[in-house]
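Beneath this line is the structure, given in structure tokens, with notes to follow.
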There are 2 protein chains.
Amino acid sequence: MAPKAMSPALMQELSERFKALGEPARLQLLMALRGGEMSVGELVESTGLGQANVSKHLQQLHACGYVSRRKEGTFAYYAIAHADVFVLCDVMCGRIEQEQRARGAALRGRAHSVHT
Amino acid sequence: MAPKAMSPALMQELSERFKALGEPARLQLLMALRGGEMSVGELVESTGLGQANVSKHLQQLHACGYVSRRKEGTFAYYAIAHADVFVLCDVMCGRIEQEQRARGAALRGRAHSVHT
DNA sequence: CCAATATATTACTATGTAGTCATATATGAG
DNA sequence: CTCATATATGACTACATAGTAATATATTGG
């Protein structure tokens, strides 16, 4: 469990990790890597993002430890470093779905009460 | 489990949730609320952030569903809406610790090899 | 060494947003 | 109603960063 009183340093690190996931382009890259290791070029083609853009986002994901890097010839292969990332996404997606259900139920409830 | 192929809309929502956590000030607020419901003024004092700043960050946390809001007189009391947030922090903190341990071990290993 | 290719980096622009100050909007007290 | 207080909002500034185009840096093949 995260400490009750969190040091500013840890909080800073924590926020940087979350910020790295707070960008659709980077999530796209992580999702693309879900199927396994891919080269930069493959990621460019797969995501439709620009090459320089992909390269920079990969640097950030690497700096946060989300992906690993393997050089082979002129190619650079990136891969998910730890499946934990997807645990985070799953928890978050779960909350989103839950809220959408709640919102839907509330709307139905309101519509019903208007009806009666 | 998060879907293999994520819709752009879900990815957008997901990134917005993560982005909301990608800010030390907002994490500070969430951590402060760990002890229970607090008013805006109490949060201002507890965090040392400006009143307007706190109010705006709380709006964002509320929009993402992280906190609930209860009005009582001229006071507004905010509270953690779902403990899930802390699950996310815990997973993330776990990864940070793990990496720090790994980094430390690597450094010790290198020092040792230099020594021998 | 030279050319071709894959990736990384730099310089730049455009956009987003955190923080702050001033002010607006409740709400309760007298 | 008027005043005081708590919170929210609008305008603004300063800074961070996503995206892109051009270029630099390997690395392989000839």
Side-chain angles (χ1 to χ4, degrees), chain A residues 8 11-33 36-81, chain B residues 8 11-33 36-81:
Chain A
M11 201 127 68
Q12 183 67 35
E13 277 235 35
L14 198 56
S15 71
E16 276 166 20
R17 305 294 176 107
F18 280 127
K19 193 177 300 184
L21 299 182
E23 184 62 38
R26 283 190 288 269
L27 286 181
Q28 249 184 289
L29 289 169
L30 290 174
M31 290 304 160
L33 290 175
E37 194 182 57
M38 289 175 81
S39 72
V40 177
E42 288 169 334
L43 285 166
V44 167
E45 188 178 7
S46 161
T47 60
L49 301 169
Q51 182 265 321
N53 202 14
V54 165
S55 191
K56 280 203 293 192
H57 282 308
L58 287 171
Q59 304 306 312
Q60 292 185 60
L61 291 171
H62 186 64
C64 284
Y66 288 126
V67 300
S68 63
R69 181 177 183 273
R70 182 174 69 85
K71 198 75 189 297
E72 187 176 319
T74 68
F75 295 80
Y77 290 97
Y78 286 86
I80 299 297
Chain B
M11 201 126 69
Q12 184 67 33
E13 278 236 35
L14 198 56
S15 71
E16 276 165 21
R17 306 293 178 107
F18 281 126
K19 195 177 300 186
L21 300 182
E23 185 63 38
R26 284 190 288 270
L27 285 181
Q28 249 185 290
L29 290 168
L30 291 174
M31 292 301 160
L33 289 174
E37 195 181 57
M38 291 176 82
S39 73
V40 176
E42 289 169 332
L43 285 167
V44 167
E45 190 179 4
S46 161
T47 61
L49 301 169
Q51 183 266 318
N53 201 13
V54 166
S55 190
K56 281 201 291 192
H57 281 308
L58 286 170
Q59 304 307 311
Q60 293 184 58
L61 290 171
H62 186 64
C64 285
Y66 288 125
V67 300
S68 64
R69 183 178 182 272
R70 183 175 68 86
K71 198 75 189 296
E72 186 176 321
T74 68
F75 295 80
Y77 291 97
Y78 286 86
I80 297 298

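Just so it is clear: chains get the letters A, B, ... in the order the sequence lines come, proteins before strands, and each one is counted from 1. Any value given below was found using the heavy atoms of this structure, including those in side chains, with hydrogens, waters and symmetry copies removed.
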Here the distance between atom P of D:dA18 and atom CD of A:Q28, to the nearest Å, is 14 Å
Contact check, residues 38-48 of chain B vs DNA chain C, heavy-atom distance under 4.0 Å, returns none
A:E16 CD to C:dA18 C1', in whole Å, measures 16 Å
Set out, line by line, the N/O atom pairs under 3.5 Å between protein and nucleotides 9-17 of chain D.
from: D:dA11; atom 1: N6; to: B:K56; atom 2: NZ; distance (Å): 3.4

Interatomic distance, NZ@A:K19 vs CD@A:Q12, rounded to 0.5 Å, equals 7.0 Å
Q. OP1, OP2 of C:dG19 versus side-chain N and O of B:H57: anything below 4.0 Å?
A. yes
Closest heavy-atom pair, B:S39 versus B:F75, reported as atoms and distance to 0.1 Å, is CB-CD2, 4.2 Å
So CD of A:Q60 and OH of A:Y66: to nearest 0.5 Å the spacing works out to 11.5 Å
May I have the list of side-chain donor-acceptor pairs in residues 45-55 of chain B shorter than 3.5 Å, sequence neighbours left out?
from: B:T47; atom 1: OG1; to: B:L43; atom 2: O; distance (Å): 2.7
from: B:T47; atom 1: OG1; to: B:L49; atom 2: N; distance (Å): 3.3
from: B:N53; atom 1: OD1; to: B:H57; atom 2: NE2; distance (Å): 3.2

Listed pairs, N/O of protein and of nucleotides 25-30 of chain C, under 3.5 Å:
none

Residues at least two apart in sequence or cross-chain that pass side chain to side chain donor-acceptor pair (under 3.5 Å) with B:E13, listed by chain then number, are B:R17
From CG of B:L61 across to P of C:dA18 the rounded distance in Å is 10 Å
When every non-hydrogen atom of A:A81 is compared with those of A:S68, the smallest separation belongs to CB-N, 4.0 Å
d(B:M31 CE, B:L27 CG) to nearest 0.5 Å is 6.0 Å
Separation of C:dA18 atom P from B:L21 atom CG, nearest Å, is 12 Å
Residues pairing under salt bridge (Lys or Arg N to Asp or Glu O under 4.0 Å) where one sits in residues 54-80 of chain A, two or more places apart or in two chains, turn out to be A:E37-A:R70, A:R70-A:E72
Rounded to the nearest 0.5 Å, the CG atom of A:L21 sits from the CG atom of A:L30 at a distance of 6.5 Å
Rounded to the nearest 0.5 angstrom, the CD-CE distance for B:E16 and B:M11 is 12.5 Å
Value for OH (A:Y78) from CD (A:Q59), rounded to nearest 0.5 Å, stands at 4.5 Å
To the nearest angstrom, the CG-P distance between A:L58 and C:dA6 comes to 16 Å
_Between A:Y78 and C:dA8, is there a contact of a side-chain N or O with OP1 or OP2 at under 4.0 Å?_
yes
